Asks: 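Below is the structure I would like to discuss, written out as structure tokens.
Letters A, B, ... mirror the listed sequences (proteins, then strands); counts begin at 1. Every value quoted in this text rests on a predicted model; they were computed, and no experiment measured them.
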Number of protein chains: 2
Amino acid sequence: MSTSRGARQPTIKEVASRAGVSPMTVSRTLAGGVNVRPDLQERVMAAVRELGYYRNENARSLRPGQPSGLIGVAITNLANPYYGNFALGVEEVAAEHGRRIILGNTGEDAGRERQLVSDFIGRQVDGLILVPTSGDAEHLQPERLGDVPLVLASRRVPGLDVDTVLLDDVGGAYRGTLSLLDAGHTRIGFLGNRSSVFTGERRYRGYERAMTERGAPIDPSIIARDQQDVDAASRAARAMLDHPEPPTAIFSANNRNTIGALREIGRRLRDGVPGPRPALVSFDDFELSELMPVPVTVIDHDARLLGREAATLLFARLEGTAEAEATTVELPVTIEHP
Amino acid sequence: MSTSRGARQPTIKEVASRAGVSPMTVSRTLAGGVNVRPDLQERVMAAVRELGYYRNENARSLRPGQPSGLIGVAITNLANPYYGNFALGVEEVAAEHGRRIILGNTGEDAGRERQLVSDFIGRQVDGLILVPTSGDAEHLQPERLGDVPLVLASRRVPGLDVDTVLLDDVGGAYRGTLSLLDAGHTRIGFLGNRSSVFTGERRYRGYERAMTERGAPIDPSIIARDQQDVDAASRAARAMLDHPEPPTAIFSANNRNTIGALREIGRRLRDGVPGPRPALVSFDDFELSELMPVPVTVIDHDARLLGREAATLLFARLEGTAEAEATTVELPVTIEHP
DNA sequence: CTTGCGGTTGGTAACGTTACCAACCAGGGG
DNA sequence: CCCCTGGTTGGTAACGTTACCAACCGCAAG
């Protein structure tokens, strides 16, 4: 009838009385057993096994100065394999340091991010790792976080000077665009995100720089910067290829736009729609790119490594080995030609 | 110099003295403010804002019977988008119930799973959701878990009778294989996992049933059941296609094997290797399957929904609305023809 | 034989919070 | 006028754990 089933978790007192010792002896045994007689240690461990006792970590961390062993991680979209890998990297390094991660998904919603951060702090996390949304950053200011260190990943937040791990978005987009220009293309379309999205802005800048440097004209009518999902990207690619003067190549600033563009190109091939079969450069890797019906150059990077770097930065902060001022790590990207 | 920077988290006492009330009044205000004078509530809220106070959830949940608000989730491989989506589904439902998830990655390692479960229980999780590894299950027995409910996902554990969410592996594999037989294929290869992997075994059973039912011979020399990653799958596909009597179609039991097989098929096309271009049925969806050089039928399913169902089962248990005996939910799969 | 020391053990208090109970207040009915 | 009621407030204790201190032991040195 009641909600609780069976026995609740045994406490250290129950273990102690079963082993015929004091709670302190149990505590000391579980802490490594220094200055506890071996026979008592054995009796304690036997009682622990028999009762199925686990230390209550929440009670342990109640004592101030004691770390909770939890790292709060908030990412924007777990369904994106990129962030799945990122979370994995964070989890790995956290586990190496004996910590667990509490994970929340913001879905690009600033309100949800705010909630998550509050909750994480309420749970006494030792640190925070965040892929920030583009909303305001008031809730991330140091005075709001108390002494909980924060690391940003993938994106920076204006007016917030904290440790950050980024990709070399500008350089990658620059080099990717150059590879198209080197192949003789001059009319190159752009598919990407709004400039309010940090990476969207940076990747556009790389594209722009390469185009300008080589004297290739930038035509706003073949630049689409507001697609967040595959369907929108498909539509944008369609419009671009239906342009009276269509591009001969397309730079796609992220995975979603690449998939959308390829869907549209595939459709045209199947349906026999005339017009160019544009070459593609994709920021973000995807599987089987080598089997695509048009050549796809991939700007690849390691999301898992990005997660590992973020966690490494955080633990440097926690262990006091970090520089006084905020550090930014910018991870290189690689270009893979078809 | 020291590790701790700045002020530590303020306590309820500090809020109370700043607002000029007792800690109890603060506690009551934060709990909704029943029977607290509105002007005092305002003073309390002002003090909360000024100090940047967050309730210590660990201390709150110390009181027995109080839920911690945490759900422990252990999955085998976060880098796999399938499990990323699964975790997302769990996270969504948990958030709807005001809970957070602690996430751990087992990497198919039973020892790591054991560690994670211990740690989760030590952190007083309200429930556990697990994609179990194939190791032994002693640490998952009810007496070891105390009163913490457990839900298994994707796989069952022998000798453990708990709530479980599965895919219709057998039915999906059966129908997928049938679609190849319907298309006239009789010599169909199989790429999959060892039978010790729960889904590997079930999907093979579906394949086997369809073949037997239609009187198609099952030839062990075109059955490869030991590939865990893309490279191994590629090699297995290569051997299969180099067979003196190669299959005209291949059933692939999971995403990794599908990608591997397609890599090999693509290589043969590029290099002009003679031989069949086998049709493919893939258990697990992947993006751009419609652009592949051979027709690919996809057995699709919704990992996010699987996560949602697992969490729903868990909360039914937690809220006492579940059946007395363990429930199994088997989610349907859909077949998408090229 | 006493002293002192190191190893071992247990009692106490405190971490931050809230359930429970007691105290107090004002106002209305007797 | 007193008593009771209901709304409001605060004190106390307890949740499970461990740091700190006190106590005790046996043994070696003086």
Side-chain angles (χ1 to χ4, degrees), chain A residues 4 7-44 47-48 51-70 119 121-126 146-147, chain B residues 4 7-44 47-48 51-70 119 121-126 146-147:
Chain A
S4 68
R8 96 215 160 292
Q9 301 296 331
T11 74
I12 199 173
K13 270 190 208 136
E14 300 172 72
V15 175
S17 73
R18 178 171 254 262
V21 296
S22 77
M24 272 314 300
T25 299
V26 177
S27 177
R28 267 189 282 255
T29 302
L30 263 30
V34 278
N35 288 351
V36 180
R37 249 166 42 212
D39 58 322
L40 285 193
Q41 292 196 43
E42 272 172 44
R43 289 214 323 254
V44 167
V48 164
L51 293 175
Y53 168 77
Y54 299 93
R55 276 199 297 212
N56 184 331
E57 295 295 328
N58 290 349
R60 286 189 82 196
S61 70
L62 195 52
R63 176 169 267 82
Q66 290 298 318
S68 68
L70 292 175
D119 186 89
I121 295 180
R123 291 184 192 283
Q124 312 301 111
V125 292
D126 299 334
D147 60 353
Chain B
S4 68
R8 100 219 156 288
Q9 300 297 331
T11 74
I12 200 172
K13 269 190 208 136
E14 298 172 72
V15 175
S17 74
R18 178 172 254 263
V21 297
S22 77
M24 273 312 301
T25 299
V26 177
S27 176
R28 269 188 282 253
T29 301
L30 263 31
V34 279
N35 289 350
V36 181
R37 250 167 40 212
D39 58 320
L40 286 193
Q41 291 196 43
E42 272 172 44
R43 293 220 314 260
V44 167
V48 165
L51 294 175
Y53 168 77
Y54 298 91
R55 276 198 296 211
N56 184 329
E57 295 294 329
N58 289 350
R60 286 189 83 197
S61 70
L62 195 51
R63 174 169 267 81
Q66 291 299 316
S68 68
L70 292 175
D119 186 89
I121 294 179
R123 290 183 194 284
Q124 312 301 111
V125 292
D126 300 332
D147 61 353

Asks: Is any side-chain heavy atom of B/V21 less than 4.5 Å from a side-chain heavy atom of B/V15?
Replies: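 They are not in contact (no side-chain heavy atoms under 4.5 Å apart), so the answer is no.
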Asks: For nucleotides 9-21 of chain C, give me one character per nucleotide, 5' to 3': B if any protein heavy atom sits under 4.0 Å from the base, S if the only such contacts are to the sugar-phosphate, - if neither.
Replies: BBB--BBBBBBB-
Asks: Looking at every heavy atom in both A/S61 and A/P67, which two are closest together, and how far apart are they?
Replies: CB-O, 3.7 Å
Asks: Can you name the closest pair of heavy atoms from B/A19 and B/A47 and give their distance?
Replies: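 Taking B/A19 first and B/A47 second, the nearest heavy atoms are CB-CB, 4.0 Å.
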Asks: Closest approach of A/Q9 and B/G146, non-hydrogen atoms and distance?
Replies: NE2-CA, 4.2 Å
Asks: Suppose we screen for salt bridge (charged side-chain N to carboxylate O under 4.0 Å, His left out). Which residues come up paired with A/R55, at least two apart in sequence or across chains?
Replies: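 Listed in chain order: nothing, the list is empty.
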